[in-house]
Amino acid sequence: MPNANTIIILDFETTGLSPNQGDRAIEIGAVLIENGVIKDRFQQLMNPGFRVDGFIESYTGITNSMLKDAAPCEEVMNDFADFIEDYHLVAHNASFDKCFLDAELKQISRSYSGQFVCSMLAARRVYQTAPNYKLATLIDYLDISVEGDYHRALYDSEMTTKLWLSMLESLCVEYNIAEIPFELIKKLTKTPKKSVDSFMQRWKSTSY
DNA sequence: TGCCAGGCCCTCTTTAGGGCCTT
């Protein structure tokens with residue numbers, strides 16, 4: 001059983017919004033953190049088997065010429081399945097990334113047993129006065145230093161990692177808690193925004 | 001880009017509609 005304090009924070013770049021419409025992954029980036037410290041990284045381009053459109057090229061900076069010599073999705077996703085093992089998973093707007101992870105792994109008959117938590121749903125509860133919950137806005141709102149280009153998989157994973165660690169720190173400080181378990185954040189994302197404080201107080205009183 | 005997907009979430013809600021967020 002993997003250490004529950006080890007999690008994978010991941011991000012996909014894709015050919016579009018929906019694998020159900022034929023879209024495929026073109027890049028996966030991920031950060032492995034253990035007890036809040038980055039221990040490993042994963043980044044690979046992958047060839048979806050067809051040309052990506054101009055919007056995706058300009059949105060991500062990933063061009064068809066970059067993908068031409070990349071390994072096929074099946075090969076990269078097999079390596080990625082090895083990387084994530086059975087760790088818990090985090091992504092910004094996780095429903096999107098989970099959809100592509102599930103679709104790509106289904107193609108190669110691989111699976112995972114970790115649970116997903118969405119950093120956007122968590123941020124809506126932890127930072128209730130943020131102007132919006134786009135990843136870049138939250139990073140700016142938190143005065144986190146930036147050095148790279150959004151919409152590349154590893155960079156967005158790194159930024160989501162910084163957001164994640166910031167949320168853990170904010171909760172620790174606000175509620176005077178030494179450690180925030182993954183399971184607590186998962187439950188927090190299912191708690192109504194206006195009930196966050198009472199949820200945290202109740203959790204603290206039953207855990208200490 | 002434009003509004004092709006889908007889950008979340010708010011409200012002028014729950015027998016619904018529409019904005020947000022991801023590429």
Side-chain angles (χ1 to χ4, degrees), chain A residues 8-31 42-67 70 73 76-77 80 84 89-107 114-142 144 146 148-164 166-167 185-199:
Chain A
I8 303 280
I9 298 179
L10 63 94
D11 181 67
F12 277 106
E13 303 307 318
T14 71
T15 65
L17 293 171
S18 174
N20 294 330
Q21 302 291 311
D23 289 316
R24 298 294 302 269
I26 56 174
E27 188 180 45
I28 178 67
V31 174
F42 187 102
Q43 181 179 36
Q44 285 288 314
L45 289 170
M46 57 190 116
N47 189 328
F50 54 89
R51 289 182 63 81
V52 303
D53 66 34
F55 169 73
I56 294 297
E57 284 191 313
S58 60
Y59 185 82
T60 65
I62 299 170
T63 63
N64 282 293
S65 63
M66 291 164 68
L67 295 173
C73 294
V76 173
M77 291 308 300
F80 189 62
I84 63 177
L89 306 165
V90 172
H92 201 67
N93 197 21
S95 64
F96 176 85
D97 294 278
K98 181 179 187 299
C99 200
F100 275 94
L101 181 64
D102 290 353
E104 292 293 347
L105 291 185
K106 186 178 180 183
Q107 298 232 5
Q115 297 179 53
F116 255 103
V117 160
C118 177
S119 58
M120 185 185 74
L121 297 184
R124 280 180 179 168
R125 287 154 177 83
V126 177
Y127 300 124
Q128 298 199 13
T129 58
N132 64 54
Y133 295 91
K134 294 175 183 174
L135 180 58
T137 301
L138 288 165
I139 293 300
D140 184 57
Y141 177 72
L142 293 168
I144 293 172
V146 294
D149 296 317
Y150 282 107
H151 308 308
R152 287 300 299 268
L154 182 60
Y155 185 78
D156 283 6
S157 300
E158 303 259 15
M159 292 301 111
T160 304
T161 300
K162 291 185 177 186
L163 168 63
W164 179 259
S166 173
M167 287 192 289
I185 303 289
K186 186 164 180 75
K187 288 178 182 172
L188 185 69
T189 63
K190 299 176 189 299
T191 301
K193 281 173 67 173
K194 59 186 176 186
S195 304
V196 164
D197 190 62
S198 59
F199 168 81

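Naming: A, B, ... by sequence-line order, numbering from 1 per chain. Any value given below was found using the heavy atoms of this structure, including those in side chains, with hydrogens, waters and symmetry copies removed. Worth saying up front: this structure is predicted, and the values here are computed from it rather than measured.
Between A/Ile84 and A/Phe42, every side-chain heavy-atom pair lies at or beyond the 4.5 Å cut-off. Taking 4.5 Å as the limit, every side-chain heavy atom of A/Phe80 sits out of range of all side-chain heavy atoms of A/Gln44. With contacts defined as side-chain heavy-atom distances shorter than 4.5 Å, the pair A/Thr129/A/Tyr141 qualifies. Between A/Val52 and A/Asn64 there is a side-chain heavy-atom pair separated by less than 4.5 Å. A heavy-atom distance below 4.5 Å is found between the side chains of A/Tyr127 and A/Leu163.
Heavy atoms from other residues, nucleotides or ligands lying under 6.0 Å from NZ of A/Lys193 number more than 12.
Comparing B/dC4 with B/dC9, their C1' atoms sit 23 Å apart, to the nearest whole Å. Nucleotides B/dG6 and B/dG2 place their P atoms 22 Å apart, quoted to the nearest Å. Rounded to the nearest Å, the gap between the P atom of B/dC12 and that of B/dG19 is 14 Å. Rounded to whole Å, the C1' atom of B/dC21 lies 28 Å from the corresponding atom of B/dT15. Nucleotides B/dG18 and B/dC3 are separated by 13 Å at their C1' atoms, to the nearest Å.
For the pair A/Ile56 CD1 and B/dC4 P, the interatomic distance rounds to 17 Å; values are reported in whole Å. Look at CG on A/Leu121: it is 13 Å from C1' on B/dG6, rounded to the nearest Å. Atom CG in A/Asp97 sits about 19 Å away from atom P in B/dA5, given to the nearest Å. In this entry the distance linking NZ of A/Lys186 with P of B/dG7 reads 15 Å, nearest Å. Atom pair A/Lys98:NZ and B/dG6:C1' shows a separation of 12 Å (rounding to whole Å applied). A/Lys194 places its NZ atom 13 Å from the P atom of B/dC9, with the value rounded to the nearest Å. Remark: C1' of B/dG6 and CG of A/Asn93 are 9 Å apart, rounded to the nearest angstrom. Between the C1' atom of B/dA5 and the CZ atom of A/Phe100 lies a distance of 9 Å, rounded to the nearest Å.
Across all non-hydrogen atoms, the minimal contact from A/Pro48 to A/Ala25 is CB-O, 4.1 Å.
Nearest nucleotide to the A/His92 side chain, out of B/dT22, B/dT23, B/dC9: B/dT22. Set against B/dC9, B/dC21, B/dT23, the side chain of A/Met120 has B/dC21 as its closest nucleotide. Residue A/Lys134 places its side chain closer to B/dC21 than to any other of B/dC9, B/dC21, B/dG6.
Applying a 4.0 Å cut-off to non-hydrogen atoms, the residues of residues 148-163 of chain A that approach DNA chain B are A/His151, A/Asp156, listed by residue number. Of the residues in residues 11-18 of chain A, those with a non-hydrogen atom less than 4.0 angstrom from any atom of DNA chain B are A/Asp11, A/Phe12, A/Glu13, A/Thr14, A/Gly16, A/Leu17, A/Ser18.
Here A/Asp23 lies out of heavy-atom contact (under 4.0 Å) with every strand. Contact annotation for A/Thr60: backbone-only contact, meaning every heavy-atom pair under 4.0 Å involves sugar-phosphate atoms and none involves a base. Contact annotation for A/Ile26: no contact, since no heavy-atom pair falls under 4.0 Å across all strands. Heavy atoms of A/Arg125 sit under 4.0 angstrom from primed sugar atoms or phosphate atoms, though from no base atom.
Ranked by how close their nearest DNA chain B nucleotide is to the 5' end, A/Thr191 and A/Pro131 are led by A/Thr191. Sequence order on DNA chain B of the closest nucleotides to A/Gln21 and A/Ala136 puts A/Gln21 first from the 5' end.
With sequence neighbours left out, the side-chain contact (heavy atoms from CB on, under 4.5 Å) criterion links A/Asp140 to no other residue.
Residue A/Asn20 has a polar side-chain atom (N or O) positioned under 4.0 Å from OP1 or OP2 of B/dG6. Contact annotation: A/Tyr133 does not reach the phosphate of B/dC21 (side-chain N/O to OP1 or OP2, under 4.0 Å).
A donor-acceptor pair under 3.5 Å is formed between the side chain of A/Ser58 and the backbone N or O of A/Gly54.
A side chain to side chain contact (heavy atoms under 4.5 Å, CB included) with A/Phe12 holds for exactly one of A/Asp156, A/Ile26, A/Leu101; it is A/Leu101. The residue from A/Leu135, A/Leu138, A/Asn93 that alone fulfils the side chain to side chain contact (heavy atoms under 4.5 Å, CB included) condition with A/Met120 is A/Asn93.
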